[in-house]
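Chain letters run A, B, ... following the sequence lines, proteins first and then strands; every chain starts at 1. Only this structure's heavy atoms are used, side chains among them; waters, hydrogens and symmetry mates stay out.
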There are 2 protein chains.
Amino acid sequence: MRMRINRKIVPEMNDRPLTAQRRLILDILREAKCHLDAKELYQRAIQKDQHISLATVYRNLRLFEEVGLVDERRLDEVHCYYELKRSTEHYHLVCRICGRVIEFESPMVRKLVDEVQRNSDFYVSKAVLYLEGYCRNCKGKKQVS
Amino acid sequence: MRMRINRKIVPEMNDRPLTAQRRLILDILREAKCHLDAKELYQRAIQKDQHISLATVYRNLRLFEEVGLVDERRLDEVHCYYELKRSTEHYHLVCRICGRVIEFESPMVRKLVDEVQRNSDFYVSKAVLYLEGYCRNCKGKKQVS
DNA sequence: ATAGGTGCAAATGGTTTGCGAAAAC
DNA sequence: GTTTTCGCAAACCATTTGCACCTAT
């Protein structure tokens, strides 16, 4: 009952074949403008392939992350969100009230990393950065606690 | 069988009492030079109070975080680490091989946040930042994959 | 008496894994 | 035939929660 589509060995994927499931997951990530968590990705996938399993989604997301095709981000302390890696690094700004996510990039991040590398004798391979706050619309609603 | 110690209402804690368990947890965090995860904190706590429960540890860590006494950091994608909040913000640099953690601070972070606030019309209340890489000793051991 | 904290055990929920079947070569 | 992937269900594990009891006021 599994999907049968010719697989091609893909060098970008550590010489692992591009199976139908993998192609489907990548397609969904490509279509999605935003980051998806594994469950939502699975929900969308199952509409095209009724037999794909959540385990396959997780396994392949992990693979994609390892080979550098996909970025995994933790935007809300609970689950991870996945998105296709792009040419320019970007980071996220999340509103604590409405959940709105804004992407931003800044050369400052590179500068910061360089500075830290110089001062610490570390080679920095990954910078995890996200900002939390209140967006334009929700600034006023900040709970007084 | 519970620990009985006079509780005092502590304004710093949202007018919640400083129970024996809370005092114990704070003491352990104070003694510990480094960040602890909940389980390790619990292991240390149980040596002083054989009946304290892991749930209490979690509940109070959450409370401490809410009132701003403690910082919660996710340093390894799996669990959270807790440490007493200090006067100056600092961030962490974690070695992917040996797990060594180096703390650093940089005015660059504040600059970055200011820049993002200006450009996005967001009020930024929290910056989550950590860097991953290879420390002096492990630089050479980077797996060739 | 009331309100809130605690201990215990069970539940939660995102993610991982063991295993047998299926695919590709 | 061998190797890898997949689907399914079960396991995992950090964290949370329901509930009865206890403590301080």
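- An OP1 or OP2 oxygen of D:dC6 is reached within less than 4.0 angstrom by a side-chain nitrogen or oxygen of A:R22.
- For B:R74 and C:dG14, the CZ to C1' distance is 11 Å, given to the nearest whole Å.
- Spacing between atom NZ of B:K39 and atom P of D:dA14 amounts to 4 Å, rounded to whole angstrom units.
- The phosphate of C:dT6 (OP1 or OP2) has no side-chain N or O of B:T56 nearer than 4.0 angstrom.
- Mapped onto DNA chain D by nearest heavy atom, B:E72 and A:N60 fall at different nucleotides, with A:N60 at the one closer to the 5' end.
- Going from atom CG of A:L54 over to atom C1' of C:dT16 covers 10 Å, rounded to whole Å.
- Taking atom CZ on A:R16 and atom P on C:dC25, their separation rounds to 15 Å, with Å as the unit.
- Contacts of A:D37 with the nucleic acid, taken as non-hydrogen atoms under 4.0 Å apart, are absent.
- Side-chain nitrogen and oxygen atoms of A:R59 include none within less than 4.0 Å of the OP1 or OP2 phosphate oxygen of D:dC6.
- In this structure, the CG atom of A:D49 is 12 Å from the P atom of C:dA23, given to the nearest Å.
- By the 6.0 Å contact criterion, NZ on A:K85 is enclosed, its count of non-hydrogen atoms from other residues, nucleotides or ligands being greater than 12.
- In this model, the phosphate group of D:dT16 is approached by a side-chain N or O of B:R62 to a distance below 4.0 Å at OP1 or OP2.
- Scanning both residues, B:C95 and B:C135, for their nearest heavy atoms gives SG-N, 3.4 Å.
- Listed pair A:Y58 / C:dT15 meets the phosphate criterion, a side-chain N or O lying under 4.0 Å from OP1 or OP2.
- Rounding to whole angstrom units, OH of residue A:Y42 and C1' of C:dG14 are separated by 14 Å.
- Residues B:A127 and A:L131 share a closest heavy-atom pair of CB-CD2, 3.5 Å.
- Taking side-chain N and O atoms only, A:Q21 has a distance below 4.0 Å to OP1 or OP2 of D:dG7.
- Residues B:E115 and B:K111 are not paired through a salt bridge, judged by the lack of any N-O separation under 4.0 Å between the basic side chain and the carboxylate.
- Using a 4.5 Å heavy-atom threshold, the side chains of B:L26 and B:L84 count as touching.
- OP1 or OP2 of C:dT6 sits under 4.0 Å from a side-chain N or O of B:T19.
- Each of C:dC8, C:dT17, D:dG7 was ranked by its minimum atom distance to the side chain of B:H51; first place goes to C:dC8.
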